Q: 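Before we start, here is the structure in question, set down as structure tokens.
Please read these numbers as outputs of a predicted model, since none were measured by experiment. Because only heavy atoms are used, hydrogens play no part in the values below, and waters and symmetry mates are left out as well, while side chains stay in.
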Amino acid sequence: QVQLVESGGGLVQAGGSLRLSCAASGLTLSSYTMGWFRQAPGKEREFVAALSASGRDTDHQGSVKGRFTISRDSAKNTVYLQMNSLKPEDTAVYYCAARYGSAFLSRSGYNYWGQGTQVTVSS
């Protein structure tokens, strides 16, 4: 049974930082592409970042590139999203997702999802 559990969300001021965690069970990170997505009210779910199964490649959406960083700790089977220089437009529910690995990163086709964690950035 694959389970993804996000944590680390909260309320921060613009310019602040948060570190989201995704604890994975029932899968090994070396076999899955891991991703972060977000969804604000009234908007479509949006790709944020992905990390390849090898751990050697990352992909970050343009609006977060340079501010957010996806990483993992394989020993803990945990994926992270470090978010710096947060903006009010980053406010959303953030979801961790997993996709059975291919050789290349993907922004779609994720079939395992966490419950989400709320990130609110105040101005």
Side-chain angles (χ1 to χ4, degrees):
Q1 178 78 280
V2 172
Q3 188 173 17
L4 305 174
V5 180
E6 303 95 333
S7 62
L11 174 64
V12 298
Q13 292 183 324
S17 297
L18 282 174
R19 186 179 181 88
L20 305 184
S21 297
C22 173
S25 59
L27 63 81
T28 56
L29 298 181
S30 62
S31 296
Y32 290 82
T33 297
M34 302 299 297
W36 286 98
F37 294 76
R38 65 187 182 186
Q39 188 168 26
K43 293 187 176 181
E44 295 290 319
R45 184 173 295 171
E46 176 186 42
F47 171 82
V48 176
L51 178 67
S52 67
S54 71
R56 292 191 290 268
D57 300 293
T58 62
D59 181 24
H60 296 81
Q61 182 222 293
S63 68
V64 309
K65 193 171 296 183
R67 299 189 298 120
F68 293 9
T69 304
I70 188 171
S71 64
R72 76 186 191 193
D73 184 337
S74 296
K76 296 181 178 180
N77 232 44
T78 299
V79 179
Y80 303 98
L81 185 68
Q82 179 67 47
M83 305 186 294
N84 299 325
S85 302
L86 283 161
K87 304 173 181 179
E89 50 262 46
D90 295 318
T91 295
V93 177
Y94 282 71
Y95 297 91
C96 179
R99 180 185 188 274
Y100 188 72
S102 69
F104 303 99
L105 289 171
S106 177
R107 296 190 175 193
S108 62
Y110 291 79
N111 54 344
Y112 299 105
W113 296 86
Q115 293 295 108
T117 186
Q118 177 71 48
V119 172
T120 302
V121 184
S122 65
S123 60

Q: Applying ring-ring contact (aromatic ring centres under 6.0 Å, His included) between Phe37 and each of Tyr110, Tyr95, Tyr94, report the one that passes.
A: Tyr110

Q: Before you tell me yes or no, could you show the steps for Cys96 and Leu4 under side chain to side chain contact (heavy atoms under 4.5 Å, CB included), namely the whole-Å CA-CA distance, both residues' side-chain angles and the distance that decides it to 0.1 Å?
A: CA-CA 7 Å; Cys96 179; Leu4 305 174; 4.2 Å; yes

Q: Grab the two heavy atoms, one from Gln39 and one from Lys43, that are nearest each other, plus how far apart they are.
A: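 Distance-wise, the nearest heavy atoms are NE2-O, 3.1 Å.
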
Q: For the side chain of Asn77 and the backbone of Leu27, is there at least one donor-acceptor N/O pair under 3.5 Å apart?
A: yes

Q: Mind listing the closest non-hydrogen atom pair of Ser123 and Pro88 along with its distance?
A: CB-CG, 4.0 Å

Q: Is there a side chain to side chain contact (heavy atoms under 4.5 Å, CB included) between Ile70 and His60? Walk through the geometry before answering.
A: CA-CA 8 Å; Ile70 188 171; His60 296 81; 3.6 Å; yes

Q: Of all the heavy-atom pairs spanning Ala50 and Ser106, show the shortest one and how long it is.
A: CB-O, 4.1 Å

Q: Has the side chain of Arg19 got a donor or acceptor atom that lies under 3.5 Å from a matching backbone atom of Gly8?
A: no

Q: Taking the side chain as every heavy atom from C-beta outward, state whether Val79 and Leu29 have any atom pair closer than 4.5 Å.
A: yes

Q: In the single-linkage hydrophobic clustering (I, L, V, M, F, W, Y; side-chain heavy atoms under 4.5 Å), do Leu105 and Tyr80 co-cluster?
A: no

Q: Do Met83 and Leu20 have side chains that get closer than 4.5 Å, going by heavy atoms?
A: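 Touching, per the 4.5 Å side-chain cut-off.
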
Q: Starting at OG1 of Thr58, measure out to NZ of Lys65 and round the result to the nearest 0.5 Å.
A: 8.5 Å

Q: Would one find more than 12 heavy atoms of other residues, nucleotides or ligands at under 6.0 Å from atom CD of Gln115?
A: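 Atom CD in Gln115 is not packed in, count stays at 12 or less.
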
Q: Hey, could you give me the OG/CZ distance between Ser108 and Arg99, rounded to the nearest 0.5 Å?
A: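 Ser108 atom OG to Arg99 atom CZ measures 6.5 Å (nearest 0.5 Å).
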
Q: Please round to the nearest 0.5 Å and tell me the distance separating atom OH of Tyr112 and atom CE of Met34.
A: 11.5 Å

Q: Which residue in the set Leu81, Val64, Leu51 passes side chain to side chain contact (heavy atoms under 4.5 Å, CB included) when paired with Trp36?
A: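 In the set Leu81, Val64, Leu51, the residue that makes a side chain to side chain contact (heavy atoms under 4.5 Å, CB included) with Trp36 is Leu81.
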
Q: Apply side chain to side chain contact (heavy atoms under 4.5 Å, CB included) to the pair Gln118 and Thr91, showing each step before the final yes or no.
A: CA-CA 8 Å; Gln118 177 71 48; Thr91 295; 4.1 Å; yes

Q: Which atom pair, heavy atoms only, marks the closest approach of Ser17 to Asn84?
A: OG-OD1, 2.9 Å

Q: Is Arg67 close to Asp90 at the side-chain level, that is, under 4.5 Å between some pair of heavy atoms?
A: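 Result yes, sub-4.5 Å side-chain heavy-atom pair found.
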
Q: Donor-acceptor pair, distance only, cut-off 3.5 Å: does the side chain of Glu6 make one with the backbone of Gly116?
A: yes

Q: At their closest point, which heavy atom of Ser54 faces which heavy atom of Asp57, and how far apart are they?
A: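 So the two residues come closest at OG-OD2, 4.1 Å.
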
Q: Could you report the tightest heavy-atom contact between Ala40 and Ala92, atom names first, then the distance?
A: N-CB, 3.9 Å

Q: Do you reckon Phe47 sits in the same ILVMFWY cluster as Trp113, going by side-chain contacts under 4.5 Å, direct or chained?
A: yes

Q: Rounded to the nearest 0.5 Å, how far apart are CZ of Arg72 and OG of Ser21?
A: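 Result: 15.0 Å between the selected atoms.
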
